[in-house]
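Values below: all heavy atoms of this structure, side chains included; hydrogens, waters and symmetry mates excluded.
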Amino acid sequence: MKTPTVTVGILSSTRPIHVNLSGIFSGDGDAVVTGQIDFALSEGGCRVVMSGRETDAVELYPTSPEGDSFEIEGVTIGVDFHWERKENQRFRGGLKVVADGGRLWLINIVDVEEYLKSVISSEMAATASSNLLKAHAVISRSWLIAQMQRKQSNFRRTTPSGMIDTPEEIVRWWDHEDHTLFDVCADDHCQRYQGISRIVSEKAADAVEATRGEVLKAEGELCDARFSKCCGGVFERFENCWENSPKSYLAARRDGVDPTDFPNLSIEENAAEWILGIPAAFCNTRDEKVLAQVLNNYDRETPDFYRWEVRYTPDELGKIVASRLGSDLGDITDLRPLARGTSGRIFRLEIVGTLGSRIIGKELMIRRTLSHSHLLSSAFVVERPDGDFLLRGAGWGHGVGLCQIGAAVMGERGYSYNEILKHYYPGGQIERLY
């Protein structure tokens, strides 16, 4: 198998996009371009305008792949999260611009291994241990190629993202199949990919090279190797966050030396005791050296990851819910967990207000609905001090698969990258695809 290429959605906009080409790029036929290029939508919004010429799509490729690059102005990162911002980013590889849905879409076409060097640098810091970087290289490669193969086989979900959408209940999840113009996006929805501007250490590149072509397989198939920032002490199962398709290697385990030692957190009383406590786990750390390996500066604008709190008045929460759901439930009077997963994350929640109620799920829908951006996780219990809603929670992200903070602790303690992978993906085996 040759090293594959991946198409990555970098940016979409209704406004013109400014790109600076460093080096010479070849376009249609014998045309070559360099310097600043502006792309805009045609008057009808269905074609791309480049240098005054309308076309269905533009593809530009570097004449010197190792040296040429392009910079995009105003790329949004952390979409909808508390640290959302814009920055200029530089990329290698090919550039494709298309018009779709009344928007311009800018897509990077790049070698998978080069893509991974940026992903590992974007997800991890230069201070990370080599074993953590190698483990992340393997799972990022596994996840990516698994998604690409599913698309190439014309995989379609049996149910769409909006699994249930009625006046009484809405259950929704988001996954990579929501992208139709490219394989993956460049943000946390898929994997952070911020181009060569984030390759700040040879350690990340070395980790990718050392594991070149290595993937995780289980039961003869590529592992859908998910990961999140902090599981909160126990791993969540795949089916409680996405489609109802259990993965044997994405199992409930404690993030600790004895992975079998944890309570049944689907029981409300157990979940409350666990979340309100501070049980031992690899990811239960405030070690600045460890956190700096996994969390970029903007990630650390929120200081608490293992345990956290958010407080709302009933009126404030009602306004947030109304803006997120598009329906006014009035002042919120109750939040009732109806189903919790293996990590204590709620994946079915009833919101009760003075003007009505609605059931929502799964975990990301809950996190989006109860925050102007996102709650850190859906593993929370509700307290009512002075009539307010105090959400006391655990972990950051969906909690499925590798816990980045926990894996950073394991790397610091001398665990090999194979041992880290076995801990987070029981039953998974490393194989080399190419």
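Of all the heavy atoms in A379 and W308, the pair that sits closest is O-CZ2, 4.2 Å. Of all heavy-atom pairs spanning T5 and D183, the tightest one is O-OD2, 4.4 Å. When all heavy atoms of E113 and V208 are compared, the closest pair comes out as OE1-CG1, 3.2 Å. Shown here for T211 and A207, the closest heavy-atom pair between the two residues is OG1-O, 3.0 Å. Shown here for V215 and S142, the closest heavy-atom pair between the two residues is CA-OG, 3.2 Å. Between F305 and C230, the shortest heavy-atom distance links the atoms O-SG, 4.0 Å.
Here D304 pairs with R286 in a salt bridge; the nearest charged N to carboxylate O distance falls below 4.0 Å. Remark: D165 engages R358 in a salt bridge, criterion side-chain N to carboxylate O under 4.0 Å. With respect to R47 and E54, a salt bridge is recorded, a charged nitrogen being found less than 4.0 Å from a carboxylate O. Using a cut-off of 4.0 Å between Lys/Arg side-chain N and Asp/Glu carboxylate O, E236 and R345 are scored as not salt-bridged.
A side-chain donor-acceptor contact under 3.5 Å links D255 to the backbone of C283. Side-chain atoms of S42 never come within 3.5 Å of backbone atoms of V49 as a donor-acceptor pair (strictly under, hydrogens ignored). Side-chain N or O atoms of N108 include one that pairs as donor or acceptor with a backbone N or O of G94 at under 3.5 Å. In this structure, the side chain of R92 does not engage the main chain of G67 through any donor-acceptor pair within 3.5 Å. Judged by distance alone, the side chain of R324 and the main-chain N or O of R368 form a donor-acceptor pair under 3.5 Å. In this structure, the side chain of N284 engages the main chain of P279 through a donor-acceptor pair within 3.5 Å. Side chain of K362 to main chain of E239: a donor-acceptor pair is present (N/O by atom type, distance under 3.5 Å, no hydrogens or angles). Looking at S371, its side chain never comes within 3.5 Å of a backbone N or O of R367 through a donor-acceptor pair. A donor-acceptor contact shorter than 3.5 Å is absent between the side chain of Y306 and the backbone of T285.
In this structure the side chain of F347 never reaches within 4.5 angstrom of the side chain of S266, judged on heavy atoms. Contact check for V310 versus L370: no side-chain heavy atoms found under the 4.5 Å cut-off. Side-chain contact between M365 and I170: present, with at least one pair of heavy atoms (C-beta onward) separated by less than 4.5 Å. Between I430 and Y417, some side-chain heavy-atom pair lies under the 4.5 Å cut-off. Contact check for D206 versus S130: no side-chain heavy atoms found under the 4.5 Å cut-off. Between Q89 and L11, the closest side-chain pair of non-hydrogen atoms is not below 4.5 Å. Within the 4.5 Å cutoff, the side chain of L364 has heavy atoms near those of the H374 side chain. With a 4.5 Å cut-off on side-chain heavy atoms, F25 and I37 do not count as touching.
Residues that satisfy the side chain to side chain donor-acceptor pair (under 3.5 Å) test with R348, not counting sequence neighbours, are E169. With sequence neighbours left out, the side chain to side chain donor-acceptor pair (under 3.5 Å) criterion links Y115 to Q191. Taking the side chain to side chain donor-acceptor pair (under 3.5 Å) definition, one finds that K134 meets it with nothing, sequence neighbours left out. With sequence neighbours excluded, the residues forming a ring-ring contact (aromatic ring centres under 6.0 Å, His included) with F235 are H423, Y424, listed by chain and number. Annotation: side chain to side chain donor-acceptor pair (under 3.5 Å) contacts of E209 (sequence neighbours excluded): K117.
Note: D38 CG to S51 OG = 8.0 Å, rounded to the nearest 0.5 Å. If you take CZ on R90 and CG on N88, they are separated by 9.0 Å, rounding to the nearest 0.5 Å. Atom-to-atom distance recorded for F380:CZ and L276:CG is 12.5 Å, nearest 0.5 angstrom. From I139, atom CD1 reaches atom CD of E214 across 13.5 Å, with rounding to the nearest 0.5 Å. Atom CG of residue N264 and atom CH2 of residue W274 lie 12.0 Å apart, to the nearest 0.5 angstrom. Rounding to the nearest 0.5 angstrom, the gap separating the OG atom in S121 from the CD atom in E202 is 9.5 Å.
When the shell of 6.0 Å around CZ of R15 is examined, it contains 12 or fewer heavy atoms from other residues, nucleotides or ligands. The number of heavy-atom neighbours closer than 6.0 Å to NZ of K422, taken from other residues, nucleotides and ligands shown, is 12 or below. A 6.0 Å sphere centred on NZ of K319 holds no more than 12 heavy atoms belonging to other residues, nucleotides or ligands. Other residues, nucleotides and ligands contribute over 12 non-hydrogen atoms within 6.0 Å of the CD atom of E309.
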Using the rule given for side chain to side chain contact (heavy atoms under 4.5 Å, CB included), can you reason through Y434 versus K2, listing the C-alpha separation, both sets of side-chain angles and the distance that settles it, and then say yes or no? CA-CA 6 Å; Y434 50 84; K2 290 197 317 181; over 6 Å; no

Walk me through whether T3 and R212 qualify under side chain to side chain donor-acceptor pair (under 3.5 Å). CA-CA 9 Å; T3 305; R212 186 178 183 83; 3.1 Å; yes

CA sep, side-chain torsions, deciding dist, call: M124, L132, side chain to side chain contact (heavy atoms under 4.5 Å, CB included): CA-CA 9 Å; M124 300 286 145; L132 171 60; 3.7 Å; yes

Take R237 and T342, measure what side chain to side chain donor-acceptor pair (under 3.5 Å) needs, and give me the verdict at the end. CA-CA 7 Å; R237 291 184 63 85; T342 55; 5.9 Å; no

Run I10 and F182 through side chain to side chain contact (heavy atoms under 4.5 Å, CB included) and show every step you take. CA-CA 10 Å; I10 304 297; F182 41 83; over 6 Å; no

From CA spacing to verdict: side chain to side chain contact (heavy atoms under 4.5 Å, CB included), I275, L265: CA-CA 9 Å; I275 293 169; L265 299 182; over 6 Å; no

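Results of the ring pair (Phe, Tyr, Trp, His ring centres under 6.0 Å) test with H398 over W242, W174, F227 single out W242 as the only residue that passes. For the side-chain contact (heavy atoms from CB on, under 4.5 Å) test with P337, the passing option among I366, I346, V381 is I346; the others fail.
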Please tabulate, one pair per line, all N/O donor-acceptor pairs under 3.5 Å involving side-chain atoms of residues 403-416, not counting sequence neighbours.
from, atom 1, to, atom 2, distance (Å)
Q404, OE1, K229, NZ, 3.1
Q404, NE2, E123, OE1, 3.1
Q404, NE2, H136, NE2, 2.8
E412, OE1, K289, NZ, 3.4
E412, OE2, Q293, NE2, 2.9
S416, OG, E419, N, 3.1
S416, OG, E419, OE1, 3.4

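Aromatic ring orientation, Y193 versus F91: tilted (interplanar angle from 30° to 60°).
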